[in-house]
Amino acid sequence: MSSHLHSVLREQVLEAAAHGRTLRPHGSGSKDFLAQALSGTPLDMRGAQGVIAYEPSELFITAHAGTRLADIESLLAAHNQMLAFEPPHLGPHATLGGALATGLSGPRRMAAGSLRDFVLGVTLMDGQGRVLRFGGQVMKNVAGFDVSRLIAGSFGTLGLILEVTLKVLPRPPAEQTRVLALDEAHALSTLREWGAQPLPLSATLWHDGRLAVRLSGAEPALAAAVRIIGGEPLAADDAAALWQSVREQRHPFFAGDAPLWRVALPPMAPALALEGRPLVEWNGLQRWLRSDIDADALRHAVRALGGHATLFRGGRAVDRALGVFEPLAPEVMAVHRRLKQAFDPSGVFSPGRLYAEL
C-alpha cells in the first residue's frame with residue numbers, strides 16, 4: 001500500500017475518533033448481508049490492491065486487502081497451487097480483506113482446515129491510526145498469542161485490514177466425485193464411518209436424498225477409496241459445477257426467501273428433527289436449514305445437540321434484532337470487550353456488526 005493511501009486512511013480514522021463518528025471498512029460489498037446491520041460511513045479499501053509477495057516454493061502469498069480473490073486464485077492456479085480453504089466469493093469482485101473479515105470457508109474446509117488456519121500474518125490499522133503487524137510469512141514465525149488469526153471473522157470491528165499473508169497449497173493431482181442415494185440419517189452414519197478411515201475425502205454434500213463425496217489425491221488413493229465408497233461417478237465438469245455452486249451458494253437449495261440458518265454440530269449429532277429443508281456439508285459438521293422456525297426454538301434444539309446456530313440470510317426482524325449469532329456467555333463477551341477496547345478504544349469501526357454490545 002502506498003504511503004499516501006496509508007496517510008489518507010489514518011487521517012480519516014483519527015478524524016472519526018476525534019469527532020465521535022464511526023467507519024465501516026468496505027470492499028466489494030459481496031458479504032454486506034452477513035452479520036448484524038451495517039453501521040458507519042463506508043471506508044473504501046479497494047484502492048489497496050495487488051500482490052506484494054508470492055513465493056510458490058515457500059507456499060505463501062502476501063497481498064493488499066483490496067485485491068480480488070479471483071485475481072489471487074488465478075495467479076495461484078498458474079503455479080498449480082490454491083487457497084485450500086476455498087473461500088466463498090459470493091460476488092465477482094470479492095476481496096481478500098472481505099474474506100478474512102468474514103472468515104468463511106468452502107467445501108474443502110472439512111479436510112484442509114478453515115481460513116483461520118491458513119493466516120500467517122496480517123497488517124492492521126487500529127482505531128488510533130497505528131499500523132500493527134502480526135505474524136509472518138511462514139508458519140514457524142508465528143508464536144505466542146496469534147492475533148493475525150484473531151482477525152478472521154472479526155467483521156471489521158477491530159481495525160482496517162491492510163495486508164494479509166496466507167499459506168497456499170499445491171492442487172491435488174487428481175479428483176473424483178461419487179454420488180450415492182441415501183436418506184439423511186443413513187448418510188450421516190456413513191460419513192461418520194468413512195471419517196474414521198484414512199480416505200482422501202475433500203468435500204461432502206447431502207441434499208434431497210443424494211450424498212456427493214469428493215475425493216482428492218493421487219490416483220491410486222482415489223481408486224482404493226472408490227472400492228470402499230462405491231456410488232456412481234459424476235462427470236468432471238458436473239462435479240466442478242456442483243462444488244462451485246455450493247461454495248458460492250448458487251445451488252438450488254440456496255434460492256428463495258426462506259430464512260437460511262447455518263448450524264455447526266459435533267460429529268456424532270443426528271439429523272436435525274426440525275421443520276424446514278436441510279443441506280449437510282463437512283461430514284455433518286455444517287448443516288444448512290431453510291426454515292421459518294422461531295429462532296429461540298431452533299437454538300434450543302441445536303444447543304441440546306452440542307452445537308450453535310447463525311442466522312445467515314433473511315429471517316424475521318425480531319430474530320435479527322435479537323442477534324444473528326449465538327449469544328455469548330458473559331465471560332466470553334468480556335474477552336470480546338477487552339479486545340475491542342485494545343484495538344478500537346473510541347469505537348470507530350463497525351459498531352454493533354457482531355453484537356450490539358460491541
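Under the ring-ring contact (aromatic ring centres under 6.0 Å, His included) criterion, Trp243 pairs with no residue, sequence neighbours left out. Partners of Arg247 under the salt bridge (Lys or Arg N to Asp or Glu O under 4.0 Å) rule, at least two apart in sequence or in another chain, are Glu73. Every residue meeting the side-chain contact (heavy atoms from CB on, under 4.5 Å) condition with Arg10, not counting sequence neighbours, appears here in chain and number order: Ser7, Leu14, Met125, Val131. Listed by chain and residue number, nothing satisfies the side-chain contact (heavy atoms from CB on, under 4.5 Å) test with Ala240 (two or more places apart in sequence, or in another chain). Scored by the ring-ring contact (aromatic ring centres under 6.0 Å, His included) test, Phe343 finds no partners at all (sequence neighbours excluded). Partners of Asp292 by salt bridge (Lys or Arg N to Asp or Glu O under 4.0 Å), not counting sequence neighbours: none found. With sequence neighbours excluded, no residue satisfies salt bridge (Lys or Arg N to Asp or Glu O under 4.0 Å) with Arg192. Remark: His251 pairs with His207 by the ring-ring contact (aromatic ring centres under 6.0 Å, His included) rule, at least two apart or across chains.
Within the model, atoms OG of Ser39 and CG of Leu23 stand 10.0 Å from one another, a figure rounded to the nearest 0.5 Å. Atom CG in Leu162 sits 7.0 Å away from atom CG in Leu9 (nearest 0.5 Å). Between the OG1 atom of Thr62 and the NE2 atom of His64 there is a distance of 10.0 Å, given to the nearest 0.5 Å.
For the residue pair Asp117/Ser114, the side-chain donor-acceptor check at 3.5 Å is satisfied.
The 12-atom threshold is not exceeded at CZ of Arg210, counting heavy atoms of other residues, nucleotides or ligands nearer than 6.0 Å. Within 6.0 Å of CD in Glu357 there are more than 12 heavy atoms belonging to other residues, nucleotides or ligands. Surrounding NE2 of His300 are at most 12 heavy atoms belonging to other residues, nucleotides or ligands under 6.0 Å away.
A cation-pi geometry, defined here as NZ or CZ lying under 6.0 Å from the six-membered ring centre and within 45° of its normal, does not hold between Arg24 and Phe349.
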Taking only distance into account, with no hydrogens and no angle test, what donor-acceptor pairs under 3.5 Å do side-chain atoms of residues 193-203 form with protein atoms, sequence neighbours excluded?
from, atom 1, to, atom 2, distance (Å)
Gln197, NE2, Glu193, O, 3.4
Ser202, OG, Arg214, O, 3.4
Ser202, OG, Arg214, NE, 2.9
Ser202, OG, Ser216, OG, 2.7

In a table with atom names and distances, give each donor-acceptor pair under 3.5 Å that connects a side chain of residues 324-337 to protein atoms at least two apart or in another chain.
from, atom 1, to, atom 2, distance (Å)
Glu326, OE1, Arg299, NE, 3.3
Glu326, OE1, Ala309, N, 3.2
Glu326, OE2, Arg303, NH1, 2.6

In a table with atom names and distances, give each donor-acceptor pair under 3.5 Å that connects a side chain of residues 256-277 to protein atoms at least two apart or in another chain.
from, atom 1, to, atom 2, distance (Å)
Arg262, NE, Gln286, OE1, 2.8
Arg262, NH2, Gln286, OE1, 3.2

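Phe85 and Phe118 have tilted rings, their planes meeting at an angle from 30° to 60° on a 0 to 90° scale.
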- Checking side chain to side chain contact (heavy atoms under 4.5 Å, CB included) for the pair Trp206/Leu279: CA distance, chi angles, key distance, verdict? CA-CA 6 Å; Trp206 180 89; Leu279 182 146; over 6 Å; no

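The side chain to side chain donor-acceptor pair (under 3.5 Å) analysis of residues 179-191, with sequence neighbours excluded, yields no pairs.
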